[in-house]
Structures are given as structure tokens and as C-alpha cells.
Protein chains: 2
Amino acid sequence: MDHDSRRRQIARAVFDLISERGMEGATLRDTAARAGVSMGAVQRCFSTKEQMVAFVMEYMNQRITDRVQAEIPDTANPATAMTTLEHTLAATLALDQPSRAETRVWLAFTAQAAIDPALAAVQSEEYAGLAKLIALLISAAQTHGHAHPDLDPDQEAEALITLTDGLNIQLLLGRHTPGSARTALHHRLNGLRIN
Amino acid sequence: MDHDSRRRQIARAVFDLISERGMEGATLRDTAARAGVSMGAVQRCFSTKEQMVAFVMEYMNQRITDRVQAEIPDTANPATAMTTLEHTLAATLALDQPSRAETRVWLAFTAQAAIDPALAAVQSEEYAGLAKLIALLISAAQTHGHAHPDLDPDQEAEALITLTDGLNIQLLLGRHTPGSARTALHHRLNGLRIN
DNA sequence: GCCGTTCCGATGCGCTTGCATCGGAACCTA
DNA sequence: TAGGTTCCGATGCAAGCGCATCGGAACGGC
């Protein structure tokens with residue numbers, strides 16, 4: 001088997017373990033067992049557990065990014081910027097089972113980042129990229145008269161990301177249903193819309 | 001020393017350890033050392049580590065509740081309900097060093113609650129209590145013409161709590177400063193205000 | 001076809017963990 | 001003050017951890 005694909009295979013196993021049992025559930029032995037390989041294989045792919053965890057964080061970020069990008073149409077259509085914006089933000093929410101798993105992992109890494117500045121820096125970069133994308137969609141909506149023109153796209157993007165973070169926590173705790181979260185997001189976006 | 005006060009003393013030690021090193025930093029040995037007692041004392045106060053952690057969660061919730069309650073004036077003054085509302089919500093934010101520590105612990109427990117329904121149920125109750133208080137303040141503001149009358153206090157309370165959760169994450173990751181978080185909260189509350 | 005290199009599964013090691021055990025100090029009751 | 005109970009500090013123990021080690025399998029160049 002290819003080296004990189006094995007790394008991804010192992011990362012997937014770690015991802016599942018963290019999603020089910022939290023950060024402490026990601027031991028080398030359980031990871032190897034879940035991935036269907038031996039411990040030696042894991043140690044060959046990642047020289048240390050810390051490196052493995054760091055790789056899994058990138059893997060998680062990639063999965064989230066992929067899910068978000070899937071909502072962006074190939075041909076940029078400014079006429080539907082607001083709809084694209086809503087779908088993009090919804091893509092970051094824990095609305096179904098796979099995204100719930102991702103969000104649990106995200107929360108575990110976020111808690112880790114809160115006590116590890118190195119992880120915080122990485123996640124901050126990730127947020128910055130998402131914020132840039134959201135701000136771009138807001139700008140597009142503004143130039144076509146679908147969003148209030150006197151809003152700062154960057155500031156509004158930050159606010160929307162803050163909203164989705166809060167919604168995700170409430171979703172994981174069961175205080176929001178997928179439906180109510182969607183409604184809350186839609187209601188919040190009404191504050192941007194013109195018509 | 002009194003039994004209950006020793007439990008609180010130990011809980012405080014666990015609290016600090018979790019705040020600094022996360023959930024995994026709360027070992028029995030380190031807890032005992034930090035609290036200045038022996039391991040035997042810890043084991044006498046809490047028959048198992050799981051019970052100890054559960055007690056620490058209550059301890060954390062109590063600290064947050066205390067901080068919030070301190071913002072509620074003794075004599076309910078409906079004329080300043082909106083101000084009280086803003087101060088109350090600000091009390092849940094990680095704006096200074098002590099509240100940052102509390103919020104790190106809160107995030108650690110929230111991540112745990114995401115994979116443990118029992119913890120999620122407890123935290124859900126805690127949220128419900130806070131939401132009730134927020135909704136009450138909104139209602140008071142409405143009856144005195146300081147808040148838009150056609151808003152659902154309960155729904156708005158949920159939205160505000162969701163906002164503070166998101167702000168806290170951004171604060172811990174360093175993507176919000178205390179000042180920008182205060183501004184974001186104030187700006188959000190402008191949506192409720194009448195004058 | 002043989003050897004050198006690369007890879008990997010298995011095992012061992014040192015360490016830490018939560019928990020059980022036990023001897024003695026401290027304190028209350030009579 | 002003697003005896004009994006309560007408490008606690010120290011130590012032991014089994015399990016699990018990350019990591020190092022090593023023998024053998026698989027593969028490629030000459």
C-alpha cells in the first residue's frame with residue numbers, strides 16, 4: 001500500500017476514535033486495531049504520537065473544507081450569492097451524522113487548542129480562510145443588491161462564524177435540533193438580506 | 001478540616017489543573033499535590049475519579065452561576081433591564097484572566113459532554129437555567145419599552161447564549177479580543193433595543 | 001539468483017495511571 | 001485515661017501508555 005494513503009487510513013481511524021471516545025481514546029494500540037494494521041505500521045508512518053495527532057487535525061480541517069467547498073458552485077453566480085452563503089454556512093453545522101462526528105472531533109481539538117498556543121495558531125489560520133470565503137460571498141451579494149450595502153463583509157463574516165460555532169455546540173449538546181439550527185441561521189441571515 | 005471544604009479545596013485544584021493542562025492533566029497524584037494533600041485524602045473525599053470529575057463540573061457551574069448572579073442587582077430595576085442583560089451576558093464571556101480559566105474548563109467539559117450523554121444532560125440543565133434568566137430580563141425590558149415587543153424572549157435568549165458560546169471559543173483561540181467581543185455583544189443587543 | 005535495503009509485525013521496557021491495602025495518628029466517648 | 005472509631009499518608013498492584021528494539025518478510029539492483 002502507498003505511504004500517503006496509509007497515513008490517511010490511519011488518520012481516519014484516529015478520527016473515528018476521537019469522535020467516539022474523545023482525545024483520550026486515541027491510543028496507538030486502539031488506532032492500529034481500528035485501522036486494521038499493526039502498531040509498527042503506525043509508528044513507521046508517524047515517528048511520534050504528537051505528529052500523528054497533528055496530522056489528524058489537518059485531516060479534519062481538510063474534511064471540513066471539502067464539505068464547505070462542495071457547496072460553492074463551480075461557476076460563480078453572483079445572483080445566488082446569498083443562497084450560496086447560507087448553504088456554505090450550513091455546511092459547517094453538525095446537521096447530519098457525518099458532520100456531527102466531524103464536529104465532535106473539531107470540539108475536541110478546539111479544547112486542546114485552548115491550552116496549546118501552537119494548535120490555536122493552526123486553527124486560527126483555518127478560521128481566517130473560512131472567514132475570507134464568507135466575506136467574499138457577502139461582498140458578491142452586496143454588489144448585486146442582495147445584501148445590505150453598508151455592512152462590513154469581514155466583520156459580518158466573523159459574526160456569522162461565531163454564530164455557527166455556537167450553534168454547533170448547542171447541536172452537540174442536544175439543545176438545538178438540525179431544524180432549529182437551520183432556522184436560527186436563516187433568521188440571522190435575514191438581517192443581511194434586502195428583499 | 002471540614003469535609004465539604006476539603007472537597008471544594010480539591011475541586012479547586014482539579015479546576016486549575018484542567019484549566020492549565022486540559023482534562024488529561026487531572027490525575028489523582030497531581031491533584032493531591034496541587035491541593036497540598038495526600039492521595040489518600042483525595043480518595044477519601046471521592047470514592048472514584050469519575051465522581052471527583054462530576055463534582056468539579058458542578059463546582060465549575062457554580063462559579064459561572066455566581067459570576068452571572070453578581071451582575072443581577074438585588075432590587076430588580078426594570079428600567080435598567082437592558083443594561084443588566086448586557087452585563088449578565090458579558091459575565092459569561094472570557095474577558096479577563098479568571099473567566100478565561102473558567103471558560104477553558106467549560107470548553108474541556110463541553111467536549112466531554114459531546115461524547116457523554118450523561119454530562120450533556122447536566123450541562124443542558126445548566127443552560128436551561130441561564131436561558132430562563134436571560135429570557136426574564138428580555139421580558140422585563142419589553143414591558144418597559146426598552147426592547148422590541150414582538151420578539152420571543154425564550155427564542156432570543158437561546159440566540160444570545162449561542163452567541164456567547166461562539167464568542168468564548170473565538171476569545172480562547174485569540175481571534176477575538178475582550179474589546180471586540182464586548183463590541184460584538186453590544187452590537188447584537190442593538191438589534192433588540194428600541195431607542 | 002543473490003544480496004542489500006526497506007518495511008513491518010511482534011515483543012519488551014520504563015513509566016504513569018486509578019485503585020486497593022494497611023499501619024498509625026487523631027479524636028471522641030465513657 | 002483506656003478503648004474504639006474515624007481518618008489519612010504511604011505503599012503496592014495490575015493495567016495501559018508511548019516508544020525502542022529486533023527478527024523476518026518483501027522487494028529491487030546487479
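Order of the sequence lines sets the chain letters (A, B, ...), proteins ahead of strands, with each chain counted from 1.
- Summarising the geometry, the separation between CD on B/Gln43 and C1' on D/dG12 is reported as 12 Å, rounded to the nearest angstrom.
- A salt bridge is absent between A/Glu58 and A/Arg7: the closest approach of a Lys/Arg side-chain nitrogen to an acidic carboxylate oxygen does not fall below 4.0 angstrom.
- The phosphate of D/dG16 (OP1 or OP2) has no side-chain N or O of A/Thr27 nearer than 4.0 angstrom.
- A donor-acceptor pair under 3.5 Å links the side-chain atoms of A/Thr177 to the main chain of A/Ser180, judged by distance alone.
- The phosphate of D/dC8 (OP1 or OP2) has no side-chain N or O of B/Ser38 nearer than 4.0 angstrom.
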Q. Could you walk me through whether B/Asp165 and B/Thr162 pass the side-chain hydrogen bond (donor to acceptor under 3.5 Å, both in side chains) check?
A. CA-CA 5 Å; B/Asp165 279 356; B/Thr162 300; 6.0 Å; no

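- Across all strands, B/Ala26 comes closer than 4.0 Å only to sugar-phosphate atoms, never to a base (heavy-atom distances).
- Position along DNA chain C of the nearest nucleotide to A/Arg29 versus A/Val42 favours A/Val42 as the more 5'-ward residue.
- Where the helix from C/dG1-D/dC30 to C/dC27-D/dG4 starts and where it ends, the local axes point in directions that differ by 10°; five pairs per end, rounded to 10°.
- Between A/Arg44 and C/dG9 there is no side-chain N or O to OP1 or OP2 distance below 4.0 Å.
- Between A/Arg6 and C/dC8 there is a side-chain N or O to OP1 or OP2 distance below 4.0 Å.
- Residue A/Thr48 has a polar side-chain atom (N or O) positioned under 4.0 Å from OP1 or OP2 of D/dC19.
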